[in-house]
2 protein chains.
Amino acid sequence: VERLIARTPEVLRERYDIDARVLYEAVEVDLARQRVRVCPVGEKGDALGRECVWEAFDQLLFATGALPVYPDVPGVSARGIYALSTLQSGIEVRSAVDGEMPRRAVIVGGGYIGLEMAEALIARGLDVSLVEKMPQVMNTLDPDMGSLVSSALREFGVHLYLEESPVAFAVDGGRVRAVITDRRTLPADLVVLGIGVRPNTALAAEAGVPLGVRGAIRVDRQLRTPVDGVWAAGDCAESWHLVSRRPAHVALGTVANKHGRVAGINIATRSQGSGGEEALFPGVVGTAITKVGALEIARTGLQEAEIKALGLDYASAQIESRTRAGYYPGASRITVKVYAEKGSGRLLGGQIVGGEGAAKRIDVLATALHAGLTVGEIVDLDLSYAPPYSSVWDPVAIAARQVVRLV
Amino acid sequence: VERLIARTPEVLRERYDIDARVLYEAVEVDLARQRVRVCPVGEKGDALGRECVWEAFDQLLFATGALPVYPDVPGVSARGIYALSTLQSGIEVRSAVDGEMPRRAVIVGGGYIGLEMAEALIARGLDVSLVEKMPQVMNTLDPDMGSLVSSALREFGVHLYLEESPVAFAVDGGRVRAVITDRRTLPADLVVLGIGVRPNTALAAEAGVPLGVRGAIRVDRQLRTPVDGVWAAGDCAESWHLVSRRPAHVALGTVANKHGRVAGINIATRSQGSGGEEALFPGVVGTAITKVGALEIARTGLQEAEIKALGLDYASAQIESRTRAGYYPGASRITVKVYAEKGSGRLLGGQIVGGEGAAKRIDVLATALHAGLTVGEIVDLDLSYAPPYSSVWDPVAIAARQVVRLV
């Protein structure tokens, strides 16, 4: 747990002169009088009823993050049901696995959290079921790519129930006993919810700060909200998407980290009145990566559903190749899918599923998206080759070449 | 051996209708009369003295590859000394290891061939020494990065002799017995030469085809030589370098493969008089990758010596990070060095040395070089992050950020 804490409140205080107060909740923002009402809370965020105080501000940053989505069904607040979000929630679920010796776990949702928890709980020897309402897990991938992940999950030992949703949790003595879906009852000693997050913006919205896409706080590329002197960064804020050319809500650590840096520079510049340079958030292209067992999974840019929603005319190709030269020991399968805009040939997105060394190749496509490269230009890239690392034509270039013929 | 043959002469003949004649050597090109004199040779390229023939051509492609460089010292033609270049030379050195049970091997040259052979021979249980004339191995890297490779070689069990060159080979009964350097005598049952290659261009030069950089056949971006109807591709030909903006000689499979594709398209278009589209070689950025043991090694763009030779004003930074999140099991060290041009901030090159997952990250920098990105733009890239793959800021972005401050 200690190694997961990047900086303690003590370090922030002593080394950076930042008055970092943990176990305090901001419960109300008064924009007109430039102050925030702050109340002490317990370890689990529970209000303590002790005295609250009003803190004054010149510049205000919302960095309230995201909250896990809970299914709106009976029994959801029973003990034994966990939604992974904060470090504290991780401590609690691990303590439950260590202390209560659960045998059967049910995971609701086949996204990043669901997959990572499936892997962790299988490793701890539990019998793991996963319920996903869509026809495939990982719906940030196209369904055909997601199906490769579904297969890997099954091979890994996960009981997979696709196109099912929980309609209730069976509860006994305040404790969850089963997940009841629209098709069956799955006994459970432990339930993990991973059906997504939503920006934690109630405080901002109540204060009158405008919200944007998917309820995230609306910001410009300097991370300014429409309210003067008020900023937002991280999972609670919008991001500019460089491929769709629209605001998006992307709740990922990489984005939050870049947000924080940009907002921090700009707030410091403003506070000091130093006339220093202003920082601009560069935008996201939608890159994400994960793994389940030995299977690596990555995506960037737009997936087919997003491209269709934008009304773009597009072509795509999906290829299968090997992570190493075919004759080199340890080569495994890699599947690459690439999308490009018809006419311009501009790369729109890519997805990769495969063995060791597959997923990080997504960074070539992410870089290409930033640079606005066409699929023809991707074919031409001087990518690295040696038999332990790649075929002579990198699988990413092979996929791009297939698309060149179609745009 | 069979798996290393991409296409046999039979496949070329039957599936592609290409009259592929192996064991024939082109010994003379008569440009004026558009014909090539061809003679049969034995398995080892030895002339058989059988009847030679003149073959006519309309279009002629030189794809004569590169030849290993032999040191000009006494004893170099003794038995037991191998230069790795063709598949046949690989068969011979393996057969020597299998059949003659050598105990002590000496490798001359610490480049790609030298490192790969050191790893292979250590794996076969030989006692391996490596002699390199420069202060570090891998001189396609800067010396400080090369020193990381030197250390890894020593840890791997290779006896490393830097700043030494062979002055003679001790020979007994026609067979090599030792490598005599300017500082010591290294007994050897087997010697591998890996001191570089030169373009195999004697045939072209004798015919009057102009040579260019480092004796490679001069070509334009269509792979045309200055002689009408004569083309060159692969290790015997020049390549356009996108970063130095000059012709270069890069003897690598990726480049040869792209050359072949471009020349093939253009020759076919010309032959058919179809007025089809002409292909252009996209250029190289100098990407290369290799490994020794668990250490991964990669480079792209220009190294310091090349930047200095071009007279560019530059800045660089070298950082150390981890291949995975610090707390994630299996994280290992990664060192990244990045060069940029002062003023413009344009990326000029990068080098990476590190553990599993380190080297393929060079492709981000290779893509950035193609796109002409600045180091500031590299910091802004939406690169993939998850704890098994990277720190939140990818080591490549961390290195770029250090350089931003200096340009």
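Below, read A as the first sequence line, B as the second, and so on, with proteins coming before strands; counting in each chain starts at 1. These numbers come from the heavy atoms of this one structure, side chains and all, not from hydrogens, waters or symmetry mates. Here the structure is a predicted model, which means the values were calculated and not measured.
Side-chain contact check for Leu153(B) versus Val137(B): some heavy-atom pair is nearer than 4.5 Å. In this structure, Val93(B) and Met117(B) have side chains that are in contact, with non-hydrogen atoms separated by less than 4.5 Å. Counting only heavy atoms from C-beta outward, the side chains of Asp235(B) and Val197(B) never approach each other to under 4.5 Å. For the pair Tyr339(A)/Gln351(A), a side-chain contact is recorded, criterion being any heavy-atom separation below 4.5 Å from C-beta on. At least one side-chain heavy atom of Val336(B) sits less than 4.5 Å from a side-chain heavy atom of Ile319(B). Between Thr254(B) and Asn257(B), the closest side-chain pair of non-hydrogen atoms is not below 4.5 Å.
Separating the CG atom in Leu252(B) from the NE2 atom in His259(B) is a distance of 10.5 Å, to the nearest 0.5 Å. A distance of 3.5 Å separates CD of Glu119(B) from NZ of Lys291(B), quoted to the nearest 0.5 Å.
Using non-hydrogen atoms only and a strict 4.5 Å limit, the part of residues 379-387 of chain A facing chain B consists of Val379(A), Asp380(A), Leu381(A), Asp382(A), Leu383(A), Ser384(A), Tyr385(A), Ala386(A). Using a 4.5 Å heavy-atom cut-off against chain B, the contacting residues of residues 393-407 of chain A are Trp393(A), Asp394(A), Arg401(A). Scanning residues 361-369 of chain A against chain B with a 4.5 Å heavy-atom cutoff picks out Arg361(A), Ile362(A), Asp363(A), Val364(A), Ala366(A), Thr367(A), Ala368(A), ordered by number.
Residue-environment remark: CZ (Arg221(B)) exceeds the threshold of 12 foreign heavy atoms within 6.0 Å.
Of the atoms belonging to Thr290(A), it is backbone heavy atoms, and not side-chain ones, that fall under 4.5 Å from chain B.
Put simply, the side chain of Asn266(B) never gets that close to the backbone of Glu278(B): no donor and acceptor are under 3.5 Å apart. Between the side chain of His241(A) and the main chain of His249(A), no donor-acceptor pair closer than 3.5 Å is present.
Contacts of Ser344(A) classified as side-chain hydrogen bond (donor to acceptor under 3.5 Å, both in side chains), with partners at least two apart in sequence or in another chain: Glu341(A).
Put simply, the residue from Val284(A), Thr287(A), Val243(A) that forms a side chain to side chain contact (heavy atoms under 4.5 Å, CB included) with Thr300(A) is Thr287(A).
Between Ser332(A) and Glu356(A), the side chains place no donor N or O within less than 3.5 Å of an acceptor N or O (distance only, hydrogens not considered).
Note: Glu296(A) leads Glu296(A), Arg299(A), Glu116(A) in heavy-atom pairs under 4.5 Å with chain B.
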